[in-house]
Amino acid sequence: MEEEFVDIITKNQGIIHKVCCIYCDDEEDRKDLFQEVVVQLWRSFPSFRNESKFSTWMYRVAINTAITSFKRGKRLPQRQSLPEQSIQIVDDVYDPETEDKIKLLYQSVSKLSGIEKSIILLYLESKTYEEIAEITGITQNYVRVKMNRVKKKLKKLMNIEE
Amino acid sequence: MKFDELKSIWEQASQQKSGHPDLQKEDILVLLKTRTRSIVEKIDLNIRIGFLILVGMIIYLFIDNFIFTPLLVKRVPESGSYVYALGILDFINYFIAFGFFVYFWVSYRKINPHSINNKNLKEALQSIVRALNIFRRLFYVALLFFLVSLAIGFIAGFITGFRMKLESLGLSLASLSFWRISLALLVGILVLGAISYGVFALINWIFNRLYGQYLHKLKATLKELEETAE
């Protein structure tokens, strides 16, 4: 089972990286959270019974771990700005405009609360309202309400036109 | 920039991985083998230790009060019916403490914080908040039990010592002035009060230092999630 798990995690590790990027603004914290998420996924792997999509299950465990993780005075849903130097864009084709946009997105998202981060992450990952409701435990209608509020807030933070 | 562009920007950021290299299977295996205790496991361990301490304390004080103390009290002349009355009070104290212990244990088993990964975010937050509240209440019950036990021991010791002293001096209760007895009682109450406050403050400080801020943040997150549903 361990081999199967490692295989799946290796293929889908992007999900964990994305959650870590959204929730941690420090490289060390990202590494810690990555490990914690992998461990939590491994522990709950035997109880995964294909009742939901594999990616939904991964997001659920990863977001639960990120929001409930504990580091004295650090990491929990904070509203601190992402330090400039922590964003290192690695790309073969350097595009300063894209880089600026990515930086702005990360900086704006880092100002959101833990719940808002999860909502916007799942929106950006094109998850359906049904999946977001399944992950967060709120109804689809309230996901819509919350989504609109978060979008509005993010637009304001990023100075995006309507 | 338009809001709809965000998805494509996110997609690009994800592809670039913001500097994160892909981990190989071997790296994942290493992560699994070097794992540390998660917060839920730490809380669980603390709660189990708390339960053990409470049960240990109940058993120790029960043996002390109902086996060793009666042996000692037999040697005290005219120990009287008050010892019997205090014994009943003490027994009720143990009974209530044990009742609370069972209640907390059953409540804690129902929460099953180990299964938070099989729950959605809201349920996971509720489980951890409940577990931490049980942990805090367990502290308070232990404190209350300890204080009642201490008060009963103090009263028993006070009365017994008082009687013995009177006997050794060949005095009767009527020969002592009211203010002297009152003063002795007042000093005893003040000492008890100071100990109670000290222990209470210490317990509060320990809990807040360990999980105070964490619990506060979890509650705030849960409130935000529940507010959405209003």
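Residue numbering restarts at 1 for every chain, and letters A, B, ... go by the order of the sequence lines.
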Rounded to the nearest 0.5 Å, what's the gap from [atom1] on [X] to [atom2] on [Y]? Could you check?
| X | Y | atom1 | atom2 | value |
| --- | --- | --- | --- | --- |
| B/Leu29 | A/Glu3 | CG | CD | 8.5 Å |
| A/Lys101 | B/Leu6 | NZ | CG | 9.5 Å |
| A/Ile102 | B/Glu11 | CD1 | CD | 10.5 Å |
| A/Ile115 | B/Glu226 | CD1 | CD | 10.0 Å |
| B/Leu125 | A/Thr68 | CG | OG1 | 7.0 Å |
| B/Thr221 | A/Ile67 | OG1 | CD1 | 6.5 Å |

Side chain proximity check, B/Trp10 to A/Ile120, heavy atoms < 4.5 angstrom: no
Side-chain touch A/Thr136/B/Asn120, heavy atoms, less than 4.5 angstrom: no
Contact leader toward chain B among A/Leu105, A/Ile63, A/Leu41, where contacts are heavy-atom pairs under 4.5 Å: A/Leu105
Within a 6.0 Å radius of atom [atom1] on [X], are there more than 12 heavy atoms belonging to other residues, nucleotides or ligands?
| X | atom1 | value |
| --- | --- | --- |
| B/Phe95 | CZ | no |
| B/Phe98 | CZ | no |
| B/Phe100 | CZ | no |
| A/Glu130 | CD | no |
| A/Phe54 | CZ | yes |

Residues that A/Tyr123 engages under ring pair (Phe, Tyr, Trp, His ring centres under 6.0 Å), provided they are two or more places apart: B/Phe3
Donor-acceptor pairs under 3.5 Å, side chain of residues 5-12 of chain A to any protein atom, not counting sequence neighbours: which ones?
unit_1  : atom_1 : unit_2  : atom_2 : d
A/Asp7  : OD1    : B/Lys25 : NZ     : 3.0
A/Asp7  : OD2    : A/Lys11 : NZ     : 3.3
A/Thr10 : OG1    : A/Val6  : O      : 2.5
A/Asn12 : ND2    : A/Ile8  : O      : 2.8

Side-chain donor/acceptor of B/Tyr214 to backbone N/O of A/Ser69, under 3.5 Å: no
Portion of A/Glu134 that has a non-hydrogen atom of chain B nearer than 4.5 angstrom: backbone
Considering all heavy atoms, the nearest B/Glu224-A/Glu116 contact: OE2-CG, 3.6 Å
Heavy-atom pair with the smallest gap, counting every atom of A/Ser126 and B/Lys7: OG-NZ, 3.5 Å
